[in-house]
Protein chains: 2
Amino acid sequence: MSGVSKVAVSTLRKLISDGHLKPGEKLGEVQVAEMLGVSRTPIRLAFRTLEQEGLLEKAGKQGFVVRAFSREDVICGLEIRGVLEGLAARKMAEAGLTVTDKAALQQCIDDGDALFAKEHPTEVDLLNWSEINARFHGVIVKGAGSRAIADAIARNSHLPFASSDSIIFDTRHVDREFRKLHLAHLQHQMVFQALVMGEGARAEMLMREHAYIGLRYGGLFGLPEALES
Amino acid sequence: MSGVSKVAVSTLRKLISDGHLKPGEKLGEVQVAEMLGVSRTPIRLAFRTLEQEGLLEKAGKQGFVVRAFSREDVICGLEIRGVLEGLAARKMAEAGLTVTDKAALQQCIDDGDALFAKEHPTEVDLLNWSEINARFHGVIVKGAGSRAIADAIARNSHLPFASSDSIIFDTRHVDREFRKLHLAHLQHQMVFQALVMGEGARAEMLMREHAYIGLRYGGLFGLPEALES
DNA sequence: AATCAATTTATTGGATCCATTGTTCTTATC
DNA sequence: GATAAGAACAATGGATCCAATAAATTGATT
C-alpha cells in the first residue's frame with residue numbers, strides 16, 4: 001500500500017475531519033475515484049482502512065457513509081485515550097525510565113517552561129506547543145515498551161479530538177488559548193515527576209485526568225449534541 | 001466487502017490463531033490467493049484488514065508477515081482489555097443500569113450459579129461457561145451506551161487472548177479448569193454488585209482485575225517469552 | 001390514483017491485465 | 001575467488017473488465 005492508496009487514505013481523512021465530507025454523506029467508489037483522479041482499486045483499499053479506523057461505516061447494504069460523531073462519542077474518545085495513555089504511563093513508571101526517555105521528557109518540560117515564560121504569545125507559539133505536546137505524549141506511548149499498547153493507542157487516534165498531536169486552536173484568542181495550554185504543561189510536569197519517582201498509580205491517574213483537557217482545547221464544554229464540523 | 005473477501009479475512013484469522021501460519025512467516029498475495037482458490041483482489045483487501053487488526057505487518061518493503069506476539073504483548077493485551085472494559089463498566093454504573101441490562105446480567109449470574117453447582121463438570125460445561133462469560137462481557141461492553149467504547153474494545157479483540165469470548169481450555173484437566181473458571185464467576189458477581197449499587201470506581205477496578213484472569217485461563221503464568229502457538 | 005411488479009440502471013465485488021519496483025541470479029572484471 | 005554490475009524474474013500497486021446484486025423508475029393492473 002504505497003503511493004496512491006496511502007494518499008487516498010490521508011486525503012479522505014483530512015476531508016472528513018475538515019468537514020468537507022459531512023457526517024452521513026454517502027461515498028461511492030466511482031465518485032471518490034473520479035474526485036481524486038485515480039481508479040477504483042486504491043479507493044476500495046482506502047475505504048476498508050477508513051472503515052477499520054471508524055471514520056466510515058457501511059450504509060445498510062451498499063456503499064459507505066461518513067460516520068457521525070456525537071458529543072458523547074468525542075468525550076468517550078478522550079476517556080479511551082486517557083485510560084490507554086494512563087496504562088502506558090503506569091507501565092513506564094513501573095519498568096523505570098530509561099535515561100533516554102527521561103532526558104527526552106525533561107527536554108519537553110524545559111521547552112514548555114521556555115515557551116510559557118513568554119509574556120506576549122503569538123499564533124506560532126500555539127503550534128510550538130502542539131509540537132512539544134506531541135513529543136511528550138509520544139515518548140510515553142513508546143516508553144511503555146509495549147508494541148501492543150502503542151498499537152492500541154494508534155488505532156484509537158483517528159477519531160476526532162482523540163489524537164494528542166492534533167490540537168485545534170481558536171486562533172482569534174491567542175492568549176486565552178495560551179493560558180489553557182499552560183495548564184496542560186503543568187500537568188505534564190506532574191506526570192513527569194510521578195514517572196521519575198516510579199509512582200505508577202499516580203502517573204496513571206494524572207494521565208487520565210490530563211486527557212480531559214481536550215475538552216478545554218476543543219472548547220467541547222459547549223459542544224452541540226451532534227457534531228457537524 | 002461481502003462473500004469471498006470476508007471469508008478470506010476470517011479464514012486467515014483462524015489460520016493465524018491456530019498456528020497453521022507461523023509468526024514471522026511471509027505471506028504472498030498470489031500464494032494465499034491460490035491457497036484459498038480466489039483471485040488476488042479479495043486477498044489484498046483482507047491483508048489490509050488484518051494489518052489494521054495487528055495480525056499481519058509489512059515485512060520491510062515487500063509482502064506481509066504474520067505478526068509475532070511475545071508473552072509481554074499478550075499480557076499488555078489483557079491489560080488493555082482490562083482498562084477498556086473497566087471504563088465501560090464505570091460509565092455503565094455512572095449512568096445507572098437499565099432494567100434490561102440488569103436482568104441480562106442477573107441471568108448470567110444465575111446461569112453461572114447453576115453451572116458451578118455441578119459436582120462433576122464435563123467438557124461441555126467449559127463451553128457453557130464460555131457462552132455465559134461472553135454474554136456477561138457483551139452486556140457490559142454495550143451497556144456503557146457508547147459506540148466509541150464498544151468499537152475500541154472490538155478493535156482490540158483480534159489479538160491472541162485479548163478477546164473475552166474465546167477462552168482456551170486445557171480439556172485434559174476438566175475439573176481443574178472448572179475451578180479456575182469458578183473464580184471468574186465470583187468476580188462477575190462482585191462486578192455485578194458494584195454495577196447495581198452504582199459504584200463506578202469499584203466496578204472499574206474489579207473489571208480491570210478480572211482481565212488478569214486470562215493469565216490463568218491461558219496458563220500464561222509459565223508462557224514462554226516467544227509465543228510459537 | 002395508488003400500489004405492485006418488472007425492467008433498467010447504477011454500484012459493488014471479483015478476476016485479469018499491465019507497469020513499476022524490489023530481489024535474485026549470473027556473469028564479468030579486478 | 002570475491003565483488004560489483006547487469007539482466008532476468010517475481011511480486012506488489014493500479015487500471016480495467018465482467019458479473020451479480022441492489023436500487024430506482026416506469027408501466028400495468030386493480
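Not measured: the values here are computed from a predicted model. Every chain is numbered from 1, with letters handed out A, B, ... down the list of sequences.
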What is the distance, rounded to the nearest whole Å, between atom CZ of B:R48 and atom C1' of D:dT12?
9 Å
note: B:I43, atom CD1; D:dA11, atom C1'; distance rounded to Å ~ 15 Å
Distance in angstrom units between A:L56 CG and C:dT12 P, rounded:
12 Å
Rounded distance (Å) that lies between atom P of D:dT12 and atom CZ of B:F47:
8 Å
From C-beta outward on B:Q62, which listed nucleotide comes closest to its side chain: D:dG14, C:dG14, C:dG22?
C:dG22
Between B:S70 and B:D73, do the side chains contain a donor N or O and an acceptor N or O under 3.5 Å apart?
yes
Whole-Å distance, A:K26 NZ to C:dT12 P, equals 7 Å
Does a side-chain N-to-carboxylate-O contact under 4.0 Å join B:R208 and A:E204?
yes
Under 3.5 Å, is there a donor-acceptor pair between the A:N156 and A:R81 side chains?
no
Donor/acceptor link under 3.5 angstrom from A:R44 side chain onto base of C:dG14
yes
Which atom pairs link the protein and nucleotides 5-8 of chain C when you take only N or O atoms and keep those under 3.5 Å?
none

Partner set under ring-ring contact (aromatic ring centres under 6.0 Å, His included) for B:H188, not counting sequence neighbours
B:W129, B:F136, B:H137, B:H210
Decide yes or no on side chain to side chain contact (heavy atoms under 4.5 Å, CB included) for B:L87 and B:K91, but give the supporting numbers first.
CA-CA 6 Å; B:L87 173 63; B:K91 292 200 80 89; 4.2 Å; yes
What nucleotide, of D:dA15, C:dT12, C:dG14, holds the atom closest to the side chain of A:E29?
C:dT12
Starting at atom CG of B:L45, determine the distance to atom C1' of D:dT12, rounded to an integer number of angstrom.
14 Å
Between C1' of C:dC17 and CZ of B:R40, the distance in whole Å
10 Å
B:R13 and B:E53: salt bridge (Lys or Arg N to Asp or Glu O under 4.0 Å), yes or no, with the steps?
CA-CA 10 Å; B:R13 237 191 251 133; B:E53 290 179 0; 2.8 Å; yes
Donor-acceptor pairs under 3.5 Å, side chain of residues 38-46 of chain B to any protein atom, not counting sequence neighbours: which ones?
unit_1 : atom_1 : unit_2 : atom_2 : d
B:S39  : OG     : B:T41  : N      : 3.2
B:R40  : NE     : B:E29  : OE1    : 3.0
B:R40  : NH2    : B:E29  : OE1    : 2.9

For the pair made of NZ in A:K58 and P in C:dT11, what is the distance, rounded to whole Å?
18 Å
B:V4 side-chain proximity, nearest of D:dA11, C:dA15, C:dG14
C:dG14
I want to verify a distance call: between D:dT12, C:dA15, D:dC17, whose nearest atom is closest to the B:S39 side chain?
C:dA15
